[in-house]
Amino acid sequence: MFPWPIGQYPNGAMFGAGKVMRFRFLKDPQSSIAGSNPNALLENLGGPACILFSGKDSTRTRAVVTLLHGNEPSGFFALHRWLHAGHKPAVNLLFIVASVHAALEPPRFSHRMLPRARDLNRCFSPPFDDEQGRLAQEILELLRVHRPEAVVDMHNTSGSGPSFGVCTHLDRQHDALVSIFTRRLVVSHLNLGALMDISDTSCPTVTIEVGGRLDDDAHELAYEGLQRYALAERVLANDDETDWGIEILRDPIRLELREGVTLAYDEAPRPGHDITLRVDIEHHNFGAVSSDTPLGWARDTPQSLFKATDAFGRCAVNALVRCENGVLFPSCSLKLFMITTNAGIAESDCLFYAVAAGT
């Protein structure tokens, strides 16, 4: 942790006398801090960091939040390239780098969070009563202090797949922000405690999933999108702008495991596991699957193994999956995304999101 002993942030904002901040503050750092590779930058930061790059227009600020999950590195790789490029942004650019400690845990960039820690991107609503909650609260305080005109929260998916944006509002400002990075937008009202849940008209906030965490294309998109976001004089919509050619998916449903259910990924049912999903299931990311597409195998009824809730709070398991002779199928034609083949992530978060195909 990085103590600010008089409780004062470098720009004069007060966080409470004697408070110890978890964030290191850097303003217009030299490119040497980046080192020769992202691992060197990670070590030089040492912990959560707030980096401010002064803009040509110093009266406005945009924010980028990255590494909320320590195993989603594309946004951090983009920061490393930005530091070496030496660009001056159009407006002040605030970079918040969160789960540095998790990313430092060997092997590097492989741990979503530290053992027994909560998912940081589920901690942005009170109570802020544990270490991850307090870290999330400080991120919210940093955004409050700098009052950005827009916030981009950059992520990777755990499995391979195309890029997409996520937001809680369907309007021109969120469309404009997402279009800087991708042409797919998921509008979700799940209210999971994610950073994007803070979005309002004064500060549009979007999540950008640039692609798989191990995909070079995702790293490239993160950097290219960062340049467009940082160097453009304007990123929000004009009054006469109405269409960005974005594919919009509304109100996805999360398919989750019930507590104690065991999961594996294999080419046939795995002995001793309640559910076995196909090892190639991630190939269906953002593709339509029909009701006769096998997803895997199940040893019991879907209701006893899964949980899912629709936008109205109703159980939606039967609307997503069915089981026939032990084989798991979609209940109807669906579009799936954020499919993971990491059993740990599936168990702690979800197996995938789904919307009815054609919506």
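Reckoned from all heavy atoms, side chains included, excluding hydrogens, waters and symmetry mates. One is the number of the first residue; the rest follow in order along the sequence. Model, not experiment: these values are computed from the prediction.
- When hydrophobic clusters are built by joining Ile, Leu, Val, Met, Phe, Trp and Tyr residues whose side-chain heavy atoms come closer than 4.5 Å, directly or via intermediates, F329 is not grouped with L320.
- Interatomic distance, K307 NZ to L255 CG, rounded to the nearest 0.5 Å: 11.0 Å.
- Between the side chains of H273 and T262, no donor-acceptor pair of N or O atoms lies under 3.5 Å.
- V97 and L45 make their closest contact through CG1-CD1, 4.5 Å (heavy atoms, listed as atom of the first residue, atom of the second, distance).
- In summary, the side chains of S199 and H174 do present a donor paired with an acceptor at a separation below 3.5 Å, with no hydrogens or angles considered.
- Under the 4.0 Å criterion applied to side-chain N and carboxylate O atoms, E131 and R118 are not assigned as salt-bridge partners.
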- Task: I would like to know whether C50 and L94 meet side chain to side chain contact (heavy atoms under 4.5 Å, CB included); could you show each step before the answer?
- Result: CA-CA 7 Å; C50 176; L94 183 73; 3.4 Å; yes
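- No hydrogens or angles considered: nothing links the side chains of H283 and D280 as a donor-acceptor pair under 3.5 Å.
- Nearest heavy atoms, T66 versus G75: OG1-CA, 3.2 Å.
- In summary, E267 and R278 do not engage in a salt bridge, as defined by a charged side-chain N under 4.0 Å from a carboxylate O.
- Using modelled atom types, one finds a donor on one side chain and an acceptor on the other under 3.5 Å when comparing E72 with H155.
- A distance-only check finds a donor-acceptor pair linking the side chain of D28 to the backbone of S54 [under 3.5 Å].
- No continuous path of ILVMFWY side-chain contacts below 4.5 Å connects F286 to L295, so the two sit in separate hydrophobic clusters.
- Annotation for V187 and P252: closest pair O-CD, 3.5 Å, computed over non-hydrogen atoms.
- When side chains are defined from C-beta on, L226 counts as touching F95, because their heavy atoms get closer than 4.5 Å.
- A donor-acceptor pair is defined here as one N or O able to donate and one able to accept, closer than 3.5 Å; no such pair exists between the side chain of D153 and the backbone of V64.
- Atom OG of S304 sits about 8.0 Å away from atom CG of D274, to the nearest 0.5 Å.
- No side-chain donor-acceptor contact under 3.5 Å links N156 and H69.
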- Message: Before you tell me yes or no, could you show the steps for N238 and R234 under side chain to side chain contact (heavy atoms under 4.5 Å, CB included), namely the whole-Å CA-CA distance, both residues' side-chain angles and the distance that decides it to 0.1 Å?
- Response: CA-CA 9 Å; N238 280 334; R234 177 179 53 82; 3.3 Å; yes
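- Residues I139 and L114 do not share a hydrophobic cluster, clusters being chains of Ile/Leu/Val/Met/Phe/Trp/Tyr side chains in contact below 4.5 Å.
- The closest side-chain heavy-atom distance from N92 to F53 is not below 4.5 Å.
- More than 12 heavy atoms of other residues, nucleotides or ligands lie within 6.0 Å of CZ in R228, so this atom counts as buried by the packing criterion.
- With hydrogens and angles ignored, the 3.5 Å screen pairs a side-chain donor or acceptor of R108 with a backbone N or O of L104.
- With salt bridges taken as basic N to acidic carboxylate O contacts below 4.0 Å, none links E233 and K56.
- Ring orientation note: the planes of W82 and H87 are tilted relative to one another, at an angle of 30° to 60°.
- Salt bridge absent: R172 and D175 never bring a charged side-chain N and a carboxylate O closer than 4.0 Å.
- Across P48 and A98, no two heavy atoms sit closer than the pair CG-O, 3.5 Å.
- Atom CD1 in I198 sits 4.0 Å away from atom OG1 in T205 (nearest 0.5 Å).
- With a 4.5 Å cut-off on side-chain heavy atoms, L142 and R144 do not count as touching.
- Between D349 and R254 there is a salt bridge, with a side-chain nitrogen of the basic residue lying less than 4.0 Å from a carboxylate oxygen of the acidic one.
- A donor-acceptor pair is defined here as one N or O able to donate and one able to accept, closer than 3.5 Å; such a pair exists between the side chain of H84 and the backbone of G35.
- Between the side chain of R184 and the backbone N or O of S163 there is at least one donor-acceptor pair closer than 3.5 Å.
- Counting only N and O atoms by type, the side chains of N342 and T340 include no donor and acceptor under 3.5 Å apart.
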- Message: I'd like to know whether F77 forms a ring pair (Phe, Tyr, Trp, His ring centres under 6.0 Å) with F109, so could you lay out the CA-CA distance, the side-chain angles of the two residues, the decisive distance to 0.1 Å, and finally the verdict.
- Response: CA-CA 11 Å; F77 292 172; F109 299 110; 5.4 Å; yes
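- Between the side chain of N44 and the backbone N or O of I33 there is at least one donor-acceptor pair closer than 3.5 Å.
- I208 places none of its side-chain heavy atoms less than 4.5 Å from the side chain of F164.
- For E282 (side chain) and I339 (main-chain N/O), no donor-acceptor pair under 3.5 Å exists by modelled atom type.
- The two residues Q303 and N318 make their nearest non-hydrogen contact at NE2-ND2, 3.2 Å.
- Both V151 and F23 sit in one connected hydrophobic cluster of ILVMFWY residues. Membership requires side-chain heavy atoms under 4.5 Å apart, directly or through other members.
- Residues R213 and S110 meet the side-chain proximity criterion, which asks for heavy atoms closer than 4.5 Å.
- In this structure, R258 forms no cation-pi arrangement with F306, as its terminal cationic atom is not both closer than 6.0 Å to the ring centre and no more than 45° off the ring axis.
- Side-chain atoms of R112 and N71 form no donor-acceptor pair, as typed in the model, at a separation below 3.5 Å.
- For the atom pair CG (L192) and OG (S125), the distance works out to 9.0 Å, reported to the nearest 0.5 Å.
- Within a 6.0 Å sphere centred on CG of D217, other residues, nucleotides and ligands contribute 12 heavy atoms or fewer.
- Separation of atoms CH2 (W297) and CG (L328) is listed at 10.0 Å; rounding is to 0.5 Å.
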- Query: Can you check side chain to side chain contact (heavy atoms under 4.5 Å, CB included) on F124 and L140, steps first, answer last?
  - Reply: CA-CA 8 Å; F124 288 96; L140 295 176; 3.8 Å; yes
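- Put simply, Y353 and I345 are part of two different groups of oily side chains (I, L, V, M, F, W, Y) that touch within less than 4.5 Å, one to the next.
- Using modelled atom types, one finds no donor on one side chain facing an acceptor on the other under 3.5 Å when comparing Y223 with R81.
- You'll find the side chain of L83 reaches within 4.5 Å of the side chain of P29, heavy atoms only.
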- Would F337 and F352 satisfy ring pair (Phe, Tyr, Trp, His ring centres under 6.0 Å), going step by step from the backbone distance to the final call? CA-CA 6 Å; F337 54 96; F352 54 73; 9.1 Å; no
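- Ring-plane geometry between F181 and Y229 is classed as tilted, the angle between the planes lying from 30 to 60 degrees on a 0 to 90 degree scale.
- At a threshold of 4.5 Å between non-hydrogen side-chain atoms, the residues L334 and V355 do not count as touching.
- Between the side chain of D266 and the backbone N or O of P269, no donor-acceptor pair lies under 3.5 Å.
- The backbone N or O of C203 lies less than 3.5 Å from a partner atom in the side chain of D200, making a donor-acceptor pair.
- Pairing each heavy atom of V235 with each of E149, the nearest pair is CG2-OE2, 4.2 Å.
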- Message: Checking Y265 against I281 for the side chain to side chain contact (heavy atoms under 4.5 Å, CB included) test, could you report, in this order, the C-alpha distance in whole Å, the side-chain angles of both residues, the deciding distance, and whether it holds?
- Response: CA-CA 9 Å; Y265 295 85; I281 190 172; 4.2 Å; yes
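- A donor-acceptor pair under 3.5 Å is absent between the side-chain atoms of D251 and the main chain of S188, judged by distance alone.
- Annotation: side chain of L120 is not in contact with side chain of M113 (no heavy-atom distance under 4.5 Å).
- Atom CG in L336 sits 10.5 Å away from atom CG in L351 (nearest 0.5 Å).
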